[in-house]
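The structure under discussion is supplied below as structure tokens; questions concerning it will follow.
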Amino acid sequence: MAGRPPTKDAPDFGKRLSTARRLKGLSQEALARLLGTTRVNVGYYERKATNPTLEFIQRCAEALDVPLSDLIGTEAPKNGHKPGPPSKLQQQIEEIRRLPRSKQRFVSELLDTVLQKAGSSKAA
């Protein structure tokens, strides 16, 4: 039975849980039976729960016979840094990228000079 369309995306855990369940060929009802809960509860975790308990995640991983990491998503951020707003330096680099080539060359030469002087002062 199709419900009302979602107004926002499901949380990451819910997306992963739903994907793992479907890959195993299970309905929400079948997964609920394996977990000893209800279909409504499974649906809640797939669509709305933003902070499932570790115990629930472990039970799901066992029931679906998948590694825990498949459900919690242990991949590192793509740039190797914590997510968040860009630093002032990153913002400045973006501004430089939008400059004409001649101005970019000027800024690059200026930075080279500053970095060379900073390097020589470290050596002293």
Side-chain angles (χ1 to χ4, degrees):
M1 175 169 127
R4 184 179 340 168
T7 56
K8 60 182 180 177
D9 282 346
D12 290 340
F13 169 75
K15 291 176 186 176
R16 291 184 190 104
L17 177 61
S18 176
T19 299
R21 173 182 60 77
R22 290 176 183 172
L23 287 173
K24 294 292 180 179
L26 296 173
S27 65
Q28 286 182 340
E29 186 70 41
L31 179 58
R33 280 194 301 274
L34 290 173
L35 295 172
T37 190
T38 64
R39 179 198 58 78
V40 171
N41 199 28
V42 170
Y44 167 76
Y45 278 102
E46 286 186 359
R47 290 189 302 275
K48 296 181 183 173
T50 56
N51 195 16
T53 65
L54 179 57
E55 185 233 344
F56 182 79
I57 298 170
Q58 287 172 325
R59 286 177 36 217
C60 290
E62 289 170 10
L64 294 167
D65 193 29
V66 297
L68 195 63
S69 60
D70 283 7
L71 297 179
I72 59 174
T74 57
E75 57 201 46
K78 290 182 177 96
N79 63 5
H81 301 287
K82 291 181 181 177
S87 69
K88 183 173 181 177
L89 179 59
Q90 289 170 320
Q91 291 172 1
Q92 290 171 325
I93 291 170
E94 284 305 312
E95 286 181 43
I96 293 167
R97 284 187 177 136
R98 289 190 288 268
L99 292 174
R101 286 277 183 219
S102 62
K103 301 263 186 197
Q104 287 180 8
R105 270 188 236 107
F106 173 77
V107 172
S108 178
E109 290 169 9
L110 180 66
L111 283 173
D112 284 342
T113 303
V114 170
L115 291 172
Q116 284 173 358
K117 288 192 184 236
S120 64
S121 67
K122 283 185 180 180

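On a predicted model such as this, the values are computed, not experimentally measured, just so you know.
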### Heavy-atom side-chain contact between R16 and D70 under 4.5 Å
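R16 vs D70: side chains apart.
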
### Query
For F13, what residues pass the ring-ring contact (aromatic ring centres under 6.0 Å, His included) criterion, not counting sequence neighbours?
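Counting only residues at least two positions away or on another chain, F13 forms no ring-ring contact (aromatic ring centres under 6.0 Å, His included).
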
### Task
Return yes if some donor-acceptor pair links the side-chain N/O of Q28 with the main-chain N/O of V40 below 3.5 Å, else return no.
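Side chain of Q28 to backbone of V40: no pair is present.
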
### Message
Is there a side-chain contact between L17 and L64 in this structure, where contact means two heavy atoms from C-beta onward sitting under 4.5 Å apart?
### Response
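Yes. Closest side-chain heavy atoms under 4.5 Å.
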
### Interatomic distance, D65 atom CG to C60 atom SG [nearest 0.5 angstrom]
13.0 Å

### Message
Pair E55, R59 - check salt bridge (charged side-chain N to carboxylate O under 4.0 Å, His left out), show working.
### Response
CA-CA 6 Å; E55 185 233 344; R59 286 177 36 217; 3.6 Å; yes

### Task
Kindly write out the residues that satisfy side-chain contact (heavy atoms from CB on, under 4.5 Å) with T37, not counting sequence neighbours, or none if the list is empty.
A32, L35, N41, V42

### Message
Do L54 and I72 make a side-chain contact, defined as non-hydrogen atoms from C-beta onward lying under 4.5 Å apart?
### Response
no

### Message
Enumerate the ring-ring contact (aromatic ring centres under 6.0 Å, His included) contacts for residues 92-113, please, sequence neighbours excluded, ordered by first and then second residue.
### Response
none

### Message
With a 3.5 Å distance limit and no angle check, can you tell me whether Q104 reaches the backbone of L99 through a side-chain donor-acceptor pair?
### Response
yes

### Atom of P11, atom of A49 and distance for their closest heavy-atom approach
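Scanning both residues completely, I find the closest heavy atoms to be CG-O, 3.1 Å.
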
#### Entry: Exam field: side chain R21 to backbone L26, donor-acceptor pair closer than 3.5 Å
yes

### Query
Taking the side chain as C-beta and beyond, is there a heavy-atom pair between D9 and K15 under 4.5 Å?
yes

